[in-house]
Amino acid sequence: MDKIDVTKLTQMSNFEVAALFYKYALTNSRGLRAINVGRGNPNWINTQARFAFNRIVEFGMKESLQTINLDDGNLAGYTDQTGIAERFNQFLDGDNPVDAFLKQALAYTRDVMHINQDELVFEWVDGVIGNHYPEPSRSLVNVEKILNRYLEVNLYRGEHLSDKTKVFPTEGGTAAMVYLFNELKVSHILEAGDTIAINTPIFTPYLQIPELNEFKLQEFNVSSDESDDWQLVDHKFEELKDPNVKAFFVVNPTNPTSRAFSDHALDKLKEVVEANPNLVIITDDVYGTFVDDFKTIYSVVPHNTLLVYSFSKLYGATGQRIGLIAMHDDNIFDKLIEEMTAEDPVIREAFRKRYSYVTNKPHEMSFIDRTVADSRNIGLYHAAGLSTPQQITMALFSLTNLIYEGREDPYVTASKEIVSHRYKAFWESLGLVVKTTEENAEYYTVFSIYKLAESKYSKDFRAYLEQNCNHLAFEWRLAAEYGVVVMDGAGMGTKAGYLRISLANRPDKDYETVGGRISDLLASYYTEYLQSKAQ
Ligand SMILES: *Cc1c(COP(=O)(O)O)cnc(C)c1O
């Protein structure tokens, strides 16, 4: 068996290392079936919203043919809003479960949200057909209301912010991050050399992007440890009170450690913002719905916080590219822009010139509207915004959940049960006691190979392993000999030796197999250790 040069791998992103290891896993020396538990992509999907989308397309084609019908129905016209809700209701067959869902969804938007039904159905029909540029470009009007409601019901734990929050639907959480990093730079809120804090361990891009030449931010890590159940301890929050700390980036619940901020941590963060009132917070809550009674940082310190959410994980929609940015109407970002504009003539002139292309009141353009305009480099503002079929898809995913408001959503419950079941299966297969807490999203789990060595064998073996086995070498052997690919935790800011297992992307039975193969590899290191002692 070849050796691999692990020092070279330490320079690469852990995502690229895992992709490389997967190639080794496919041709592993034992001829075992390759299992990749490195990626976070779920292996389940929501069907209801997808079926519903199709029904809206079918109805939309029928409607379109009412205005133009040429070439045997192959060429149709615009749809007509007048009376469209009534026609849609006629079209739907309440005995068909998908249509019954659509009827329920419409009733919810009418009775609970007081949305005009003709406007809504017209937006859906026109949206799924996709024959108009997104208008308004930031978000379709009713899509925004529905997304706001979804966020409030699922992430705010009783705080009412939906009517004071603006939403910008984006091409996944990925684009949300790219647009926000860009806008914080373009708006001079974060400048090269500024100090930013990162809640580590974290999804690797949050560590890598700020270091790039175009950002050159000074990062420091605010990290949690396994001994504290991956919660930040109190003195870590003190570091954030320093006004030189300009921003704090958080994934909550965390990735890779899968923990939601405890209520105590949320209180501490509130104190931080009182002490450092201009602190910029980005919270990426893509796993929020995997924790019971979750509460987002945005609902605690809304004026300072940019919220990122994605439908990728819960609804099995990574290929759709659907996520969003949400922010409060009254926020420090607009305040900081206003102050800079008043105080700095150079910035004032630069803002005036840049935004004069898209508005006659450039100095009044809000941070969120700037984000939309700058997402298309100003010049293409008129063609900005997320594709309308994607926007309607998000609204439909949201409604599958909202119709259960105040009750248990069986889809969300089933999704949580899937990962929870695998979580238990995995830890049991390592021969360890299954521990969990209410903050644990159980979407991923991390464990240390060195700690495992100690708990399964001895302190002395652990010391041997720490000295003689680089964690990447362990991960490489796991792939090349046992066909199992994991994600390296150190690349995300854990101590060396932590591996991240995604509980989302493989069938249940694979998790026992993975634990078994990890144990086998560890046993083989133990044999080497015994041999080395015998010499
Ligand atoms: C998966 C993930 C994303 C990416 O979301 P997309 O909507 O698929 O682009 C963003 N942030 C975190 C923390 C993630 O784990």
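For ligands, and for the atoms within them, numbers begin at 1 and follow the listed sequence.
Among the atoms of Ile322, none of the N or O lies under 3.5 angstrom from an N or O of ligand 1. Ligand 1 has no N or O atom lying under 3.5 Å from any N or O atom of Thr318, backbone or side chain.
Within ligand 1, counting atoms from 1 as listed, the ones closer than 4.0 Å to a heavy atom of Arg321 are 6 (P), 8 (O), 9 (O). Of all atoms in ligand 1, listed by their number and element, those nearer than 4.0 Å to a heavy atom of Val251 are 13 (C). When each atom of ligand 1 is checked for a heavy atom of Tyr287 under 4.0 Å away, the hits are 1 (C), 14 (C), 15 (O). Taking every non-hydrogen atom of Lys313 and a distance limit under 4.0 Å, the qualifying atoms of ligand 1 come out as 1 (C), 2 (C), 3 (C), 14 (C), 15 (O). In summary, the atoms of ligand 1 found under 4.0 Å from a heavy atom of Thr174, numbered by their order in the structure, are 4 (C), 6 (P), 9 (O). Atom numbering of ligand 1 starts at 1 in the shown order; those under 4.0 Å from a heavy atom of Gly172 are 7 (O), 9 (O). Near Ser312, meaning under 4.0 Å from any of its heavy atoms, are these atoms of ligand 1: 6 (P), 7 (O), 8 (O). Close contacts of ligand 1 with Asn255, meaning ligand atoms under 4.0 Å from a residue heavy atom, involve 15 (O).
The protein heavy-atom contact nearest to atom 11 (N) of ligand 1 is Asp284 OD2, 2.6 Å.
Salt bridge Asp228/Lys236: absent, no basic N to carboxylate O contact under 4.0 Å. Under the 4.0 Å criterion applied to side-chain N and carboxylate O atoms, Lys166 and Asp369 are not assigned as salt-bridge partners. Using a 4.0 Å cut-off between charged nitrogen and carboxylate oxygen, Lys416 and Asp292 count as a salt-bridge pair.
Listed for the Gln390 side chain is a donor-acceptor partner under 3.5 Å among the backbone atoms of Gln320. Judged by distance alone, the side chain of Ser299 and the main-chain N or O of Lys295 form no donor-acceptor pair under 3.5 Å. A donor-acceptor contact shorter than 3.5 Å is absent between the side chain of Glu144 and the backbone of Ser139. When atom types are taken as modelled, the side chain of Asn276 and the backbone of Val272 share no donor-acceptor pair closer than 3.5 angstrom.
Ligand 1 lies nowhere less than 4.0 angstrom from a heavy atom belonging to Glu171.
Partner of Val128 under the side chain to side chain contact (heavy atoms under 4.5 Å, CB included) criterion, out of Thr393, Leu396, Ile392: Ile392 alone.
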